Amino acid sequence: MTLLAGKVAIVTGASRGVGAAAALALAKAGASVMLGARDAARLAKVAADITASGGKAVSMACDMSDYAAVERLVAETEARLGPVDVLVNNAGVIEPIAPIWEADPAVWARNIEVNLVGCFNGVRAVLARMIAGGGGTIINVSSGAGVRPLEGWSAYSSGKAGLAMLTRAIALEAGDKNIRVYGFSPGTTDTDMQAAIRESGMNIISQIPREKLTPVEVPAQAIVYLATPAAADLSGKEVTLRDETFLARVGLS
Ligand code: NAP
C-alpha cells in the first residue's frame, strides 16, 4: 500500500499504544514517520521495528508540553525527512483519575498541559510551515469523554473538550488554506491507558473487560485513512470509530 508515498508524518505519543500502531500503519502506507514521546529508548525500539519491516521511521524524545522541544521535533523532522505533511496529535495522559474534590491540582493542570496545550504546541509548530508549503493534515486524537463527562475524569474530559474546540478553530482559521483537520476518537482501545483505567475501578469504562477492547491496529488504520485526501469532506469534524458509516469508509465494518 503506497497511499502516502512521499509524505512525511509526525506521530506524537508513538512510544506505545495507539501512537506506535499508527506510526507503523502510516509507514506501511508509504509515509516517512517521525516518532515523538518522552521515552527515548521505547521510541527507538518502535522506530527500529518499523525500519526492520521495510518502513522509514526516525524518533526523537519530546515532551509535548514543552513548546521549545516541540519546535525542535519539527525542525529535526524537516532536516531528516523533509517538510511535514501530516501531524498526528496523539500523545495523551488520563491522570488524575479521582473525584474533583480529591484530584491533585498539579496533576490536573499537567493533564491539560499535555492533552490540550501539548496538541496546541504541535499545531503551532507545524501550521505556518504547512500553509507555506501548500497544505497539510492534522489529526487530533480526541475522546468520547470530551463530549460527555465520566466520573473521575474531570481533567481528561475538560482537556478533550478543549481539543475538540481547537480542531474547529483550526478548521475555521486554516480550512481555506488547504489544511485538513480532524478530531478522531478511537473508542475503547487495548493500551496501557485502558489498563490504568481498569485498575482505577472508577467509572463504567473501567468495568470493560480487556478482551472487549479494540486492538490498536483498528484506530491505526483509521488514522491512515484520515491522512489521505479521501477523508477531506470530514475536515473540521469529530469522527469516531463508533460511527458505522465512518467504519465502512475506512473499510473496517
Ligand atoms: P498510552 O498507551 O498511555 O500511550 C500514551 C502515549 O502518549 C505514550 O506514547 C506516551 O509516551 C505519550 N505521552 C504521554 N505524555 C506525553 C508527553 N508529555 N509528551 C509526549 N508524549 C507523551 O495511551 P493510548 O491509549 O495509546 O492513547 C493515545 C491517545 O488516544 C490519547 O490521546 C488518548 O487520550 C486517546 N484515546 C485513547 C483511548 C483508549 O481507549 N485507549 C480512547 C479514547 C482516546 P511517553 O510515556 O514515552 O511520553
Side-chain angles (χ1 to χ4, degrees), residues 10-25 33-47 59-70 72-74 87-95 97 107 109-122 125 139-148 150 153 155-164 166-167 182-200 203-210 212-220 222-223 226 238-242:
I10 295 177
V11 182
T12 73
S15 58
R16 51 199 158 89
V18 172
L24 174 62
V33 186
M34 167 61 89
L35 286 68
R38 293 164 303 172
D39 186 332
R42 285 186 82 147
L43 277 177
K45 169 83 172 68
V46 177
S59 65
M60 181 176 165
C62 176
D63 184 330
M64 291 303 293
S65 68
D66 175 352
Y67 184 68
V70 177
R72 287 195 294 276
L73 178 73
V74 174
L87 169 66
V88 183
N89 249 334
N90 164 80
V93 291
I94 186 75
E95 294 78 14
I97 304 178
V107 182
R110 175 71 185 159
N111 184 297
I112 302 295
E113 270 172 30
V114 176
N115 291 4
L116 179 55
V117 180
C119 287
F120 164 78
N121 287 343
I139 300 163
N140 290 325
V141 180
S142 55
S143 168
V147 183
R148 64 172 183 140
L150 281 153
W153 292 8
Y156 185 74
S157 293
S158 301
K160 292 294 187 182
L163 181 59
L166 178 63
T167 297
Y182 310 93
F184 168 63
S185 177
T188 46
T189 306
D190 187 12
T191 65
D192 291 353
M193 186 177 282
Q194 281 293 338
I197 290 166
R198 266 196 312 283
E199 189 155 325
S200 75
N203 58 36
I204 193 170
I205 304 297
S206 73
Q207 305 305 314
I208 301 173
R210 184 173 181 189
K212 295 269 189 206
L213 298 172
T214 306
V216 287
E217 291 76 15
V218 172
I223 287 170
L226 290 172
E238 291 291 316
V239 295
T240 167
L241 285 180
R242 294 181 201 278

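Every value quoted in this text rests on a predicted model; they were computed, and no experiment measured them. Counting starts at 1 for both ligands and their atoms, following the listed order. Just so you know, residue 1 is the first one in the sequence shown, and it goes up from there. Quick note: numbers below take in every heavy atom, side chains included, and nothing from hydrogens, waters or symmetry partners.
Side-chain contact between V88 and I10 is absent, with no heavy-atom pair separated by less than 4.5 Å. Counting heavy atoms from C-beta outward, L241 and P219 have side chains that approach closer than 4.5 Å.
In this view, S157 and A145, W153 satisfy the side-chain contact (heavy atoms from CB on, under 4.5 Å) rule, not counting sequence neighbours. Taking the side chain to side chain donor-acceptor pair (under 3.5 Å) definition, one finds that N89 meets it with N140, sequence neighbours left out. Scanning for side-chain contact (heavy atoms from CB on, under 4.5 Å) contacts around T191 gives V18, T189, M193, Q194, V216, with sequence neighbours left out.
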If you look at each N/O of ligand 1, which protein N/O atoms lie under 3.5 Å away, and at what distance?
| residue | atom | partner | partner atom | Å |
| --- | --- | --- | --- | --- |
| ligand 1 | 3 (O) | R16 | NH1 | 3.1 |
| ligand 1 | 7 (O) | G92 | N | 3.4 |
| ligand 1 | 9 (O) | G13 | O | 3.0 |
| ligand 1 | 9 (O) | S15 | N | 3.4 |
| ligand 1 | 9 (O) | S15 | OG | 2.7 |
| ligand 1 | 11 (O) | S15 | OG | 2.9 |
| ligand 1 | 15 (N) | R38 | NH2 | 3.4 |
| ligand 1 | 18 (N) | D63 | OD1 | 3.0 |
| ligand 1 | 18 (N) | R110 | NH2 | 3.4 |
| ligand 1 | 19 (N) | M64 | N | 2.9 |
| ligand 1 | 25 (O) | T191 | OG1 | 2.5 |
| ligand 1 | 26 (O) | V18 | N | 2.8 |
| ligand 1 | 32 (O) | N90 | O | 2.8 |
| ligand 1 | 32 (O) | K160 | NZ | 2.9 |
| ligand 1 | 34 (O) | Y156 | OH | 2.6 |
| ligand 1 | 34 (O) | K160 | NZ | 3.0 |
| ligand 1 | 40 (O) | G187 | O | 3.2 |
| ligand 1 | 40 (O) | T189 | N | 2.8 |
| ligand 1 | 40 (O) | Q194 | NE2 | 2.8 |
| ligand 1 | 41 (N) | T189 | O | 3.3 |
| ligand 1 | 41 (N) | T191 | OG1 | 3.2 |
| ligand 1 | 46 (O) | R16 | NH2 | 2.8 |
| ligand 1 | 46 (O) | R38 | NH2 | 2.8 |
| ligand 1 | 47 (O) | S15 | OG | 3.0 |
| ligand 1 | 47 (O) | R38 | N | 3.4 |
| ligand 1 | 47 (O) | D39 | N | 3.0 |
| ligand 1 | 48 (O) | R38 | N | 2.8 |
| ligand 1 | 48 (O) | R38 | NE | 2.6 |
| ligand 1 | 48 (O) | R38 | NH2 | 3.3 |

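Side chain of N121 to main chain of M64: a donor-acceptor pair is present (N/O by atom type, distance under 3.5 Å, no hydrogens or angles).
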